Amino acid sequence: MRIHQKFMVFFVVILCAMGAISWYLYSSGKTTSEQYDDILDRFLVLNEISQHTSEAARHFEQYLLLQSEPQLDALRESQEALEQSRTLFTEIMPAEHDVSLYKNYYHMLAYFNHEMNAAVITQRSQETGMHLIHRDEAEKVASWLNDTTLQLINAELRDYHDMHAAALEARESQLTLALNGAGLLFLTSIIFTYIMSKRILRPVRKLIHQSSEISAGNFTVEDVPVTTDEVGVLSATFNQMKHNLQQLIGEMRERARLERVVKDNEIEQAQTLRLLKEMELKSLQNQMNPHFLFNTLNTTAKMAYVEGAGATSQLIVAISKLLRYNLKPIESKVTLAEELNHIQKYADIQRARFGERVSVEVDIRTSHLDLRLPVLTLQPLIENAFIHGLDPLEEGGSIYITAEDTVRGAAVTVRDTGVGMSAEALERVVYSGSGSTAPNGHLTGIGLVNVQKRLQLLFDEPDLVVIQSEEGKGTAITLHLPLETKGVITDEAPHAAGGR
């Protein structure tokens, strides 16, 4: 028999013994409790009968004295209560009591009500002789009922004392049984545990000794004896492990040789990874979003209709420069000064669209305007500020563009006072692995995640983009631009502007 089966059988036996003792104690206690409840019920019913009998007799005397309707009503209520108690009396009386006494008591309750009713009727009909007979009879019955009630209560008290003494005796025997049973079960558990531990620990000690020998390099130790329980399975497994150890060592040596071969291929894998990054960069290239162009042309047409040709000419020139800049190859690099000049042109066009709803403030305090970065890095930030931050606000807002020096290079911040983002939306933008989850610009089609990936590919550094946003209070995006580039974006333009 296996170890777990032995323990299961032992625990089942122990639980059955404990259950039998508990059930015996519960049954005995339940019987005693039921006897207490029966005596209490009889006490209550007899007490109610005594009270209702006294009240009925009192109301009967008051009515005969005053002969008023309120007293008659009170008498009727007392009689109804007495009749209800009389019904309860038949339900709680045990069969072992004096049957004749209880029957007489039960019928005398009904006779008491009958005589009071007869006395009331004969008084109203002025039958003086019969009235006095019924009245005397009612008083005699009331006296007999009071005496009999006391007698019954005394009998119940005697039964209660006898039962209480028997209950104390039974409790003592039950307590003795519980203590003896618990002690016996505890002793049995100790003996069983000791025997089982010896049967388990003996082969385990052998396993420990053999393991120590093998760890010291001695593989010639004899096999551990195999038993029929779970420890035997462990011993057989240990023996098999010992026999396979030499083979495993040989396999490990072969694996080490293969790992050296893999290390020799790391340079080739690095080159492959570089090519994959370049392909990923090219796959993230954006295309012109016609929606922005349509909005801009609509704005231009409205201005031409309202203002004439002067302002419209300047706007069209700004649009042409903007589109020319946006047609540059996405993998090329430009200076920070070119990017800042470009987004100011974009802001001028959007101001024409939004009018007085939007104000743009630019503060350039950096000396690293010749710093190189990917083309169209800043425009998606201001696009998101206009389109996703301020456009939903009917009252508009402001955009602040700042550029300042840092220890490692320059930091460019685009902050708006727009609708902002919730904590959940901000987390999706920050930790997204795909650009589709972040807002895209209408002109470039480049999302914020696209900007992050391009900067990482160029500078080969993480955490170059810091986003701060609060719902209803706006969004601030800061780009930390190092002075030196390490990535794959170059100044070369492999395809012309029209190739987009």
Side-chain angles (χ1 to χ4, degrees), residues 29-124 127-170:
K30 184 178 180 182
T31 302
T32 303
S33 177
E34 289 175 353
Q35 291 175 350
Y36 274 114
D37 291 339
D38 292 340
I39 291 176
L40 180 60
D41 290 339
R42 290 195 289 271
F43 270 122
L44 292 176
V45 171
L46 290 173
N47 184 59
E48 286 180 1
I49 291 175
S50 178
Q51 291 179 356
H52 295 325
T53 302
S54 300
E55 288 177 0
R58 180 169 55 84
H59 291 309
F60 177 70
E61 292 296 332
Q62 291 177 353
Y63 172 75
L64 295 180
L65 180 64
L66 302 176
Q67 297 185 7
S68 62
E69 288 299 320
Q71 293 297 330
L72 181 59
D73 293 337
L75 175 60
R76 298 304 183 201
E77 290 178 0
S78 299
Q79 288 180 313
E80 290 177 1
L82 183 59
E83 184 61 25
Q84 293 176 359
S85 298
R86 177 173 172 264
T87 303
L88 290 175
F89 178 79
T90 60
E91 298 174 358
I92 55 91
M93 286 300 109
E96 63 270 18
H97 283 74
D98 187 357
V99 177
S100 61
L101 179 61
Y102 283 106
K103 285 184 177 181
N104 291 338
Y105 187 79
Y106 174 80
H107 293 301
M108 291 301 288
L109 291 172
Y111 183 68
F112 177 61
N113 279 335
H114 175 267
E115 289 302 312
M116 287 190 295
N117 291 332
V120 171
I121 293 172
T122 53
Q123 184 185 41
R124 285 188 170 184
E127 298 176 17
T128 305
M130 294 302 296
H131 167 70
L132 293 175
I133 293 173
H134 289 301
R135 179 178 179 178
D136 292 338
E137 189 66 20
E139 290 175 355
K140 292 178 182 179
V141 173
S143 177
W144 185 88
L145 288 174
N146 288 331
D147 294 339
T148 305
T149 301
L150 291 176
Q151 182 181 352
L152 294 175
I153 290 175
N154 289 331
E156 293 296 336
L157 286 174
R158 286 193 302 271
D159 292 343
Y160 172 79
H161 288 303
D162 295 339
M163 188 199 70
H164 182 68
L168 290 177
E169 237 174 76

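Computed from a predicted model, the values in this text were never measured in an experiment.
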> Let me confirm one number: the CD-OG distance from Glu83 to Ser78, rounded to the nearest 0.5 Å.
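So the gap between those two atoms works out to 13.0 Å.
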
> So do Leu145 and Ile49 actually touch side chain to side chain, heavy atoms under 4.5 Å?
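No, every pair of side-chain atoms sits at 4.5 Å or beyond.
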
> Can Glu69 and Arg76 be counted as an ion pair, charged N to O under 4.0 angstrom?
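No, this pair does not count.
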
> Between atom OG1 of Thr53 and atom CZ of Arg58, what is the distance when rounded to the nearest 0.5 Å?
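Rounded to the nearest 0.5 Å, the OG1-CZ separation comes to 12.5 Å.
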
> Rounded to the nearest 0.5 Å, what's the gap from CD on Glu77 to CG on Leu72? Could you check?
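Here the rounded value is 10.5 Å.
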
> Side chains of Thr148 and Met108: does their closest heavy-atom pair fall under 4.5 Å?
no

> Would you say Glu139 and Glu115 make side-chain contact, with heavy atoms under 4.5 Å?
no

> Go through the structure and list residues passing side-chain contact (heavy atoms from CB on, under 4.5 Å) with Gln84, not counting sequence neighbours.
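Applying side-chain contact (heavy atoms from CB on, under 4.5 Å) to Gln84 gives none.
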
> Quick one: CZ on Arg135 to OG1 on Thr122, what's the gap to the nearest 0.5 Å?
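Between atom CZ of Arg135 and atom OG1 of Thr122 there are 10.5 Å.
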
> Would you say the side chain of Gln79 lies within less than 4.5 Å of the side chain of Asn117, judging by non-hydrogen atoms?
yes

> Determine the minimum heavy-atom distance between Asn146 and Ser54, stating which atoms define it.
OD1-OG, 4.2 Å

> Roughly how far, to the nearest 0.5 Å, is OG1 of Thr149 from CD of Gln51?
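Going from the CD atom of Gln51 to the OG1 atom of Thr149 covers 11.0 Å.
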
> Considering all heavy atoms of both residues, which atom of Ala56 and which atom of Leu75 are nearest to each other, and what is their separation?
O-CD1, 3.5 Å

> Between Phe112 and Ala142, what is the shortest heavy-atom contact and its length?
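For Phe112 and Ala142, the tightest heavy-atom pair comes out as CE1-CB, 3.5 Å.
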
> So, Ser143 side chain and Lys140 main chain: donor-acceptor pair closer than 3.5 Å or not?
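Checking the backbone N and O of Lys140 against the side chain of Ser143, no donor-acceptor pair under 3.5 Å is found.
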
> Are side-chain heavy atoms of Glu137 and His134 found at a separation under 4.5 Å?
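Result no, sub-4.5 Å side-chain heavy-atom pair not found.
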
